[in-house]
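Below: the structure, in C-alpha cells.
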Amino acid sequence: MQTILSIGIDAFAYGMALFIICIGLSLTMGLMRVVNLAHGAFAMIAGYIASYVARDLGWGYGFAIILAVIGTIILSIPLERFLFRRIYGSSELTQVLMTIGITFCVIGITNYFFGPTLKTIPLPTGLSQPVDVGFRTIAAHRLFVMACGLVVAAGLWYVIERTAFGIKLRATVDNAAMADALGVKTQVVYAVSFALAIGLAAFGGVVGAEFLPIEPYYALRYMVTFLVVVSVGGAGSILGAVIACLVLGAVDTTGRYLMPDFGNFFFYAAVIAIVCVFPRGFFGKAQ
Amino acid sequence: MSDLFRVEGLTKSFGGLAVSRDISLSMPEGERLALIGPNGAGKTTFVNLVTGQLAPSAGRVILNGEDVTGLGAVRRVRKGLVRTFQVTRLFSDMTPEEHVTLTVLQREGKASRLLGRFHGNSQVSGEVESILATLGLIEVARRKVREIAYGQQRLLEIAIALALRPKVLLLDEPAAGVPSSDTPRIEQALERLPPSLAVLMIEHDMDLVFRFAKRVVVLAAGEIIFEGLPSEVAADPKVREAYLGSYANARSVA
Amino acid sequence: MPAASLDVRGLSAGYGPTVVLEDLSFSVPAGSRLSILGRNGMGKTTLLASLMGMTRRYGGEIRVDGSDIASAKSSERAMRGIGLVPQTRDIFRSLTVEENLLVGIKGRPRSVIEEAYEMFPRLKERRRNLGWQLSGGEQQMLSTARTILGRPSVLLLDEPLEGLAPVICDELMAAFSRLAASGEMTILLVEQRLESALDFADSVMILERGRIVWQGTSETLRSDHELVERYIGVGSLH
Amino acid sequence: DTVKVGIIGPFSGPFALQGKNFQAGVEAYMALNGKSVKGHDVEVIYRDLPAANPAQSRALAQELIVKDKVQYLGGVYFTPDALAITPLLKQANAPLVIFNAATSAIMTQSPLVVRTSFTTAQTTTPLGKIAVDRGVKKVVTAVSDYGPGVDAENAFKKAFEAAGGKVVEAIRMPLNTNDFSPIMQRVRDSGAEAVFAFLPSGPTTLGFVKAYNETGLKQAGIKFFAPGDLTQESDLPALGDGALGLLTTFHYAVSHDSPENKRFVEAATKAIGGADQLSFPAVGAFDGMHVIYKMIEATDGKQDAQKAVDAVKGLSWTSPRGPVSIDADTRHITENIYLREVVKGPDGKLINKEIETFANQKDPGLASQ
Amino acid sequence: MQTLAQSEKLAAAPSLGSRFLRDAIGIAAIIVAGIAGYFLFPDNLALLTRVIAVGLLVLSIDLITGYCGVATLGQAALFGAGAYAAGIACVNGVTEPLTLILIGAIAGAAAGLLMGTIMLRAHGLAQLVLSIAIVQLFHEAANKASAYTGGSDGLAGLMLSPLFGMFEFDLWGQTAYLFGLALLVVVFVVLKFVVASPFGMLCRGIKEDPVRIGAMGAFVFPVLLKMFVISGAVAGMGGALAAISTQVVGLDSVSFELSANALVMLVLGGLGSLYGALIGTVIFMGFEHVVSAINPFHWMTMVGALLIAVVLALPGGLSSIADAILPSRGRTRGGKA
Ligand SMILES: Nc1ncnc2c1ncn2[C@@H]1O[C@H](COP(=O)(O)OP(=O)(O)OP(=O)(O)O)[C@@H](O)[C@H]1O
Ligand SMILES: Nc1ncnc2c1ncn2[C@@H]1O[C@H](COP(=O)(O)OP(=O)(O)OP(=O)(O)O)[C@@H](O)[C@H]1O
Ligand SMILES: [Mg+2]
Ligand SMILES: [Mg+2]
C-alpha cells in the first residue's frame, strides 16, 4: 500500500512536471497549428537565464523564474516576427523543417557561447529540503511542481475557453482569412498566443529543470517525449494534456519500479495502446 | 419485393436531439423522389444513415432485398448506393479529369493496379470525356479543382457520382451554388441516367424539385410529415407553414 | 454606423498569378442595393472577396465614404464597416454557434447576440453545438448572422440564400430589405435566382469573365429578355 | 614531410564535452612535446561523430584513410564505433589508438588496436572489495541498459561476490530515464545496504544523484558506489553539494597530485578554455598521443602499422594519472585505479579526492571473455 | 488559361512518348550524376554509398508521406529491419550481396506490414506518435536481443563474398558504391511506374480526402497498407545496402534520430516528388559532411541555418526550383515526379 502511494506521488509529480513543460507546445500545435519542435529550445534558453540569475547573480529562485520567462519571451519576439510568422498556415512538414532548423541553431549557439556543460538552477532552501508526507519523504520542490501544474492548467483553461481572447484565438486558427474579415486582428492574436506559449515553455523549463536538466541538447533530447505527450493528450486540449501527462507519467514510473529493464517498453506500448483506443488522442478534435 | 431500395424505421439522435425518428421509405426502380424540408430537419443525416457514414440507433436499410445495414460505407457504394456531398469534398490539387478517371478505374476494379499508367489510359478516356461533357466540365477538365469556380465543383460532384454507375443515387442539394443558367445541365444529366436507376434528391430549389420529382417526401424535425405527388405538396398546410412559405403562394397563383 | 457609399475605380484583382477581375469601376450610393449577376465562374465571388481584401490586388481604388481602403488589411476593412457573408460560409468549425457569433460582434456587448437569435431562432436551439455539426442551412444562417452582428455599413452577400428553405429565404430577403431601407447598410448581393435578385435591388451589374458587361436598373433588366438571355441564360425568368 | 593523424570523436551533439576533452588532450600533448617527431611534422585531422553510429564511424575512418591519407587513427568515444573501424585496419595498414571506448572485447578484434583509456571492468573491479571492506554485504546494482552498463554490472557482481558480498537485485535502467525516484524506491524496498550505479557521464547522472539524495536514501545510510564516470569533474559543478561523499573508483582524477599532472592540467585547461570542463577523456587522448608519437618515432614516419604497434607493446611511462604501461599481450593500458571521494577542494570547488590506490591494474574483463 | 478550347471534347492528352522521354531524361540524369560522383570524389565513396542507402530510406518515406499523406517519424524501423535481417543473415553464412538485399527487402516489407497495420488505426498527430512509438520499440527490441543483434555494441563482423564472385567489397568502396548506384536506379525506375500507375493516383486521392475515396467505393486501408509494404521493401533495401557497405549494423539504424533526419531531408527536397527525395538527401548529407569537416565543433548552426533558409526561400522544397525552371513538368499532370 505504502509502495503504491509512493509510486503514485512520484508519478503525479513527474506527470505535472511534464505537463508544465508540454502544455505550451500543446497550445502551439493544437491552437496555432504550428508544430514547434523548437519548443524545448525555448525552455532551455529560459533555463540558462534562470541559472545565470539564480546561480551566477545569486538573486534567488523567484526572480530567476520571472526573469527567465520575460527574457525568453523578449528573445522570442524577433524570432516570431521574422521566422515563425512565415510558417503560420504552412504545411506541418514545412514547419517541422523550419523549427528543427531553429533548434539546431539554438543548440549550436548555446554550445558555442556557454559550452556543453549542465546548468543548474539552485533551489531556495525551502524547496530543496525533503518533506515528510507521512508515508515517505519527498522533495519539497516536487510538491511545488504539482501545485504549479494545477494552477497553470486551471488558468489556461479559463483563458482559452472563457475569455474573448480565447474565442478569437480559436477562430483565427480555424479559419484565419474569415476571422480577419470579421475584424479580428489575426497577427496580433498569433503574436500574443505565441508569446503565451513561449512563456509557458520558459516557465516549464525552469520549474521542470529538476526532472529534465538544462543543457544545450535539451531540445533534441526530450523532443520525442514532448511530442508523444502532446499527441496522446490531443493537441490543444488542456484536459487532454493533463490526463496524458498523468497516465504516461504513471505508466513510466510504475514500469520503472516494477520492471526497470523494460521501462521504455511499457511507456511506448502504452502509447500504442492508448492511440489505438483513442485514434486522435484523449481529447483530439474530431473533424 | 419489387422495391429496389427500402429503409425501415430509421432512427438516430445526437445527444438529446432526435434528428431521425422512425423513418420508413421505399423506392422502386426508376423512382425520382425529392426529399425536402426545413433546414436542420435531418435530410443530410438521413443520407448519412443510408450510405453508412453514420450508424442508426435503430432501423434497417435494404437494397435489392438485401439488408445492408451492417455494411460499411464503402461496401454500400460498391453495391450501388452512391451519394454526393452537400459541402463539396474534392481533391483540390487534382483536375476534374483525374477525378472522373480515378472513379471509373475504381468502378472497374482497376484503381489499385500497380501496372499500367494512369494518364492517357485509352480504355477509360472515352467514358471520362462523355461524363465531363454531360456536365459541361470539358473547359476546366485539366485545371486544378481549387482553381475552378464553386458551381463547377458542384457539377463535378455529380460527375463523380455518375461515373460510379449507381443503382440508387442520393443527391444532397446538387444545385445549390449552381446558377439557374446551369441547372439545366444537371437536369439533362439526370434525364440521361438509365431509367432503372432510383434517384433521391434533396433540394431547396423548388422549381428544380417540381420539374424533377415524381414523388415528394417532406421531412420536418426528423419525421416524415408529408408524402405524395408534387402537385399535392403546395396544397398541404403543414408543409406550407413549415417549409414553403411564399413559394406556395407563388405556385398556386402560377 | 450608418450606411456608407462605395466607389470602385479600376479594380484589378485575382489569385496568385491569375488575374480574374480586370479594371472594374462602379459606385454604389449609401443605403442603396446592388445585385451582381453573372454565370458560373465569372468572378462574382472574386469581386466581393476583393472588396473585403481577401484576394491579391493588382491595382485600383476602393473608396468607402470617400476614403480609400484598397491597401488596408481585411481586419481593418472590417473595422471600417465592410462585412462579408462568403459563399462558402466559412463558419468556424471547431467553435460553438455562440462563439461563432461572438467573433463577429466587433466590440459590441455580448448581449447583442440575442439579435441573431431573434433573426434565426433555429440558431438559438443549437447554440451549444459545434460549427461542423450544423446542417448546411444552419451554417448559412450562422454565417449571415455573424456578419450582420458586426453592423457593417457596407454588407457584401455572396449567395446568402443557398441551401435555405424557401420560407427562410423570404424572411431573410425581407430582413435584408429592412436593413437597407433603414439606412443602416449599403448592400451588395450576389444571387443566382434572378427573380430574388431583381426584386431586392435598385440596380444591377452583370459580370462576364471578370469585366462589367452591363449596368443598369432592375426594371430595365426585367423588361429586357434578350439581355437576360445573353448574359445570364435562358429560362431564368418565369 | 607530414604524418597525418585522424581523430574521430563526438565534437558536437550531446557528448560534445567529451569530444572537446579529446581535443584538449591532443593539443596539450602537442603543446608540451612539440608538433613534430624526429623531423616529421604531425598533423591532426578531427572528424565529428556525434553519437554512436557504427556505419558513419566506418565511413569517416574510410575517408580519413583513403582521402586524407592518415597513417594513424585515434579517438573513438563509443564501443560500437570502434568495432566498426577495426576490420579496416589491416587493409589500411594503420593502427587505431583508442582514447576512450571502454569495452574489453575491442582489443580482440584486430591486432592493430592499442588503448590508452580504461575498461569499465578495470575501473569497477576494485569496488567489490572496497564495498565489503566497508561492511556492505547486500547491494543493488543499477546500471544503464547498454553495453558498458552491463559490463559494469558483471564486473562488480563478480568482484563483490568473490569478496563475500551478495547482489540482491540487478536493475537495468533504460538510457533515457528522466525520473529516478522509482528506482530509488526499489533500492530502498530491497533492503540493500548500498547501491552500485553505472550511468554514462552527462545529464542523467545529475538526476540519479539528486534522486538518491531526495528520496532519503542517503539519510537512511544506504551507501553509494560507482565507477568514476558518474562523478566526472565536468559534471561536478552541476551535481553540487549533493555529490559530497560519493565514493567512486577510476583511473584518473583531475586533482591527482603529481608534477606530470600539474603540467598536463595547465596545458589542457588552456586548450579547452575552462578549468571546469576538463575530465577523463582528455588524459586518454593525452596518453594516446604519446603512444602515437612513439609509433611515429619507431617507424620513422613510414606507414607500417604492425611495426608501429609492436614498438609500443610493453611501453611504460608516467602519465598524468600515474605510472602506466601498455600490456604486450592485450595492447591495453595497465594503470592504477584510485578510490576517490567527492569533497570540497581548497578553493571550495568539488573535486574527486584520491584516498586509496590499487596499483597496476590490468583489464580483468578480457579474462572473463 | 482563359483561352481553353470551348469545345465539348478534351484536347488530346500529352502523348505517352513525351512522358516517357521526360522520365528517361530524369533517370539518365541520376545515372550521370552517380557516375560523376564516382569520378569526382573517388575518395569519398564510403560517404556516397551511405548517401545512397539513406536516399532509399528517404524515397521510402516519400512514398507514404509524400504520396499518401501519412507522416512518419519511425521509418528507420523499416530501414533497421532490413539492415539487421541482412546483417544477421550475413553473420550466419549468407554472404551473397544480392541475396542479402533481397532478404533486406523482405524484412523491410514485413516490418512495413506490421507498422502499417498499427499506424493506420490512428489519424494525424496521433499517427505520427504511433510511428515514433514503433521505432522506439524496435530500438528497444534490437537492444535487448543482443544475442542476435550485438545490442548496443552493434552487429559487427559481416563478411561478404565478392559481388558476382568477382568484385570485392573493400576499403576503397568502389564495388559498394556502384552496386548501390545500380540498386538505386532500379528501385527508382520501379517507383516511377508505381507512382504513375492508377494505384499511385489512388494514393494521392487518399492523401487529399480519404472520405471522398471511400465514397468512390475504394477501401482506404488496404491501399495504404500496400504502400507501406512497398515502402518497407524500399527502406529495407536501403538498410541492407548500408549493412553490406559498412559491414556493421548499429542501433542507430533503428533510431528516431535517423527517422527524423530522413524526414527532414525529404521535406528539404520537396514532398511528393521522387526527385525531391534524392535531391534532399544529397544536399543535406553533403552539406552536413562539408560543414562538419570544416568545423567539427559548431557545424550544427550552419545546418540549422540551411534549413531555415530553405523554408524562407523555397517553401516547396529544393525540388521546386526545378519546377520553376522546367514549366513543362506541368501543372496539369499527376504527380510532380
Ligand atoms: N454530429 C452532430 N452532432 C450534433 N448535432 C448534429 C450533428 N450532425 C447534425 N446535427 C444536427 O442535426 C440536425 C439535422 O441535420 P441535417 O444536416 O440532417 O439537416 P438537413 O435537413 O440536411 O438541413 P439543411 O437543409 O440545412 O442541410 C441539425 O440540427 C444539426 O445541427
Ligand atoms: N483560388 C483561386 N485560384 C485561381 N483561380 C481562381 C480561384 N478561385 C477562383 N478562381 C477563378 O476565378 C474565376 C472566377 O471565380 P469566382 O469564384 O469569382 O466566380 P463566381 O462568379 O463567384 O462563380 P459561382 O457562381 O460559381 O460562384 C473562375 O474562373 C475561377 O476558376
Ligand atoms: Mg443538409
Ligand atoms: Mg461565387
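Below, read A as the first sequence line, B as the second, and so on, with proteins coming before strands; counting in each chain starts at 1. As the structure is a prediction and not an experimental result, all values here were calculated from the model.
Under a cut-off of 6.0 angstrom, the local environment of CD in D/Glu266 is sparse, with at most 12 non-hydrogen atoms contributed by other residues, nucleotides or ligands. Environment of NZ in D/Lys218: crowded, with over 12 heavy atoms of neighbouring residues, nucleotides or ligands closer than 6.0 Å.
Residues D/Leu206 and A/Pro213 approach most closely at CD2-CB, 3.5 Å, considering heavy atoms. Taking every heavy atom of both residues into account, A/Leu118 and D/Ala238 meet most closely at CB-CB, 3.5 Å. Between D/Pro182 and A/Asp10, the closest heavy-atom pair is N-OD2, 4.2 Å. Of all heavy-atom pairs between D/Ala16 and A/Asn111, the closest is CB-ND2, 4.4 Å.
Within the 4.5 Å cutoff, no side-chain heavy atoms of D/Ile183 are placed close to those of A/Tyr257. Between A/Arg256 and D/Ser181, every side-chain heavy-atom pair lies at or beyond the 4.5 Å cut-off.
Note on D/Ile171, D/Asp235, D/Asp189: by heavy-atom pairs under 4.5 Å with chain A, the leading option is D/Asp189.
Both the backbone and the side chain of D/Thr177 come within contact range of chain A, with heavy atoms under 4.5 Å apart. Within the 4.5 angstrom heavy-atom criterion, only side-chain atoms of D/Asp145, from C-beta onward, approach chain A. For A/Tyr222, the part sitting under 4.5 Å from any heavy atom of chain D is the side chain, from C-beta outward, and nothing else.
Residue D/Gln185 holds its CD atom at 11.5 Å from OG1 of A/Thr253, rounded to the nearest 0.5 Å. The CZ atom of D/Arg188 lies 8.0 Å from the OG atom of A/Ser6; values are rounded to the nearest 0.5 Å. Rounding to the nearest 0.5 angstrom, the gap separating the CZ atom in D/Phe180 from the OH atom in A/Tyr14 is 10.0 Å.
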